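All heavy atoms count here, side chains included; hydrogens, waters and symmetry mates do not. Values in this document were obtained by computation on a predicted structure and should not be read as measured data.
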Amino acid sequence: MQNLRSIRTRIASLRKTAQITRAMKMVSAVKLRRIQIRLLDSGPYVAGAAAMMRLLARQAETPAGAAAWLASPSRRVLLAVISADRGLCGNLNLNVLRLAQDGLRQLLADPQTTVGLYLVGRKGAEYFRGRLNDYGGRAAIIHAVDAAGADPTELCREWTAAYRQGEYGAVRLVYTHFESALHFQAAAWPLLPLRFDDPAPDDGPATEMLLVEPDAGQILDYLAPRYLQSCVRRLLLSSMVAEHSSRMSIMEQAHKKTDEMIRQQQLFFNKARQMGIDRELADITAGVEASA
């Protein structure tokens, strides 16, 4: 039977682990509720904005300013990948990074395509730093920021500027789409150029617009940056909610497993102590019998 001191040390270590997993679960639960409220509140606004943008894009007359938002994509693509800064959230980061890697391979299947990677989250930066040497210099990390300090307004401004200035002809996002606490998955979304051929996710019913003043193209050109900012903010919130939901679930499972291990080690400790007591009683009895 194991030594009592080693078992006692192992039990103490497991109890500390249980405290950590319980604390991480509670922190994720608090953050999840707060961010999920913001995500749900943004849904109607993004849906209404998408419906308005779709109506404007369908208007016949669009000046050059609006046409730039709807231009055909070129062979220079900016791929923005949204991952987490930390692990301990199951396979959430792995799914996002694998989808981004698959998308990168598909883009670079065309020998004339070049891709710039904009990585939001430390896990994405760590994943891609050692995996870009096999593409002959046609894929490079142009910027990497921590997810915790990512400002959706600033991110959207940088991506939009790169698109409008002609540095990249398309901007694509890879993120984690949150549907419920038990269902979230990696997804890709084309940010630029704007496409409204099919109903977008979370898009509400559009109402017929009979009169547009001053001009549909001018209004689209004015609203496009604001619409894109709301979309980027929603995608960041979706990734954050999915991260905390996954971490909360993983920490709950780890806490239960740790409690089970503590009970098992406590049983080993009790058995070892009982065997030690029985051995001492046997020695005392044998000594008494020998001296009688």
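Inspection of the Thr114 and Arg138 side chains reveals no N or O donor paired with an N or O acceptor under 3.5 Å. In summary, the side chains of Arg15 and Thr258 do not present any donor paired with an acceptor at a separation below 3.5 Å, with no hydrogens or angles considered. No side-chain donor from either of Ser28 and Arg247 sits under 3.5 Å from a side-chain acceptor of the other.
Atoms CD1 and CD, on Ile7 and Gln264 in that order, are 10.5 Å from each other to the nearest 0.5 Å. To the nearest 0.5 Å, atoms CG (Leu97) and CD (Glu126) are separated by 10.0 Å. The distance from atom NE2 of His244 to atom CZ of Phe178, rounded to the nearest 0.5 Å, is 11.5 Å. Expressed to the nearest 0.5 Å, how far CD1 of Ile20 lies from NZ of Lys25 amounts to 16.0 Å. Residue Asp259 holds its CG atom at 11.0 Å from OG1 of Thr17, rounded to the nearest 0.5 Å. Note that the CD atom of Glu243 and the CZ atom of Phe184 stand 10.5 Å from one another [nearest 0.5 Å].
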Next on the checklist: For a side-chain contact (heavy atoms from CB on, under 4.5 Å) check, start with the C-alpha distance between Trp159 and Leu191, then their side-chain angles and the critical distance, and finish with the verdict.
Outcome noted: CA-CA 9 Å; Trp159 298 341; Leu191 184 68; 3.8 Å; yes
Checklist entry - Does the pair Gln185 and Glu179 meet the rule for a side-chain contact (heavy atoms from CB on, under 4.5 Å), with working shown? => result CA-CA 8 Å; Gln185 59 185 358; Glu179 296 182 5; 4.2 Å; yes
Next on the checklist: side-chain contact (heavy atoms from CB on, under 4.5 Å), that's the test. Do Val174 and Ile82 meet it? Break it down for me.
Outcome noted: CA-CA 6 Å; Val174 180; Ile82 301 175; over 6 Å; no
Checklist entry - Does the side-chain contact (heavy atoms from CB on, under 4.5 Å) test come out yes or no for Thr21 and Glu252, once each step is laid out? => result CA-CA 7 Å; Thr21 55; Glu252 182 178 4; over 6 Å; no
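Taking hydrophobic clusters as Ile, Leu, Val, Met, Phe, Trp and Tyr residues chained together by side-chain heavy-atom distances below 4.5 Å, Leu94 does not share a cluster with Ile250. Linking ILVMFWY side-chain heavy atoms closer than 4.5 Å, directly or via other members, places Leu92 and Leu39 in a single hydrophobic cluster. Met261 and Met251 are not part of a single hydrophobic cluster, where members link through side-chain heavy atoms under 4.5 Å apart. Under the 4.5 Å side-chain heavy-atom criterion for grouping Ile, Leu, Val, Met, Phe, Trp and Tyr, Ile141 is connected to Leu99 within one hydrophobic cluster. Tracing side-chain contacts under 4.5 Å through hydrophobic residues (I, L, V, M, F, W, Y), one reaches Leu173 starting from Val145; they form part of the same cluster.
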Would you give me the side-chain donor-acceptor pairs under 3.5 Å for residues 117-124, sequence neighbours excluded?
unit_1	atom_1	unit_2	atom_2	d
Tyr118	OH	Glu158	OE1	2.6
Arg122	NE	Asp146	OD1	3.4
Arg122	NE	Asp146	OD2	3.4
Arg122	NH2	Asp146	OD2	3.3

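Every residue two or more places apart in sequence or in another chain that forms a side chain to side chain contact (heavy atoms under 4.5 Å, CB included) with Arg38 is listed here: Leu237.
Nearest heavy-atom pair, Val81 versus Ala100, reported as atom, atom and distance to 0.1 Å: CG2-CB, 3.7 Å. A pairwise comparison of heavy atoms in Thr176 and Ser239 identifies N-OG, 3.3 Å as the closest pair. Taking every heavy atom of both residues into account, Ser246 and Cys89 meet most closely at OG-O, 2.5 Å. Tyr163 and Gly169 get closest at one heavy-atom pair: CE1-O, 3.3 Å. The heavy-atom pair separating Pro225 from Cys156 by the smallest distance is O-SG, 4.3 Å.
Under the side chain to side chain donor-acceptor pair (under 3.5 Å) criterion, the residue pairs touching residues 84-103 are Gln101-Tyr135, Asp102-Arg105, with sequence neighbours excluded.
Taking a 6.0 Å sphere around CZ of Arg76, one finds it holds more than 12 heavy atoms contributed by other residues, nucleotides or ligands.
Geometrically, Arg129 does not engage Tyr127 in a cation-pi contact defined by less than 6.0 Å to the ring centre and at most 45° from the axis.
Tested against Gln265, the residues Arg8, Glu260, Arg10 include a single side chain to side chain contact (heavy atoms under 4.5 Å, CB included) partner, Arg10.
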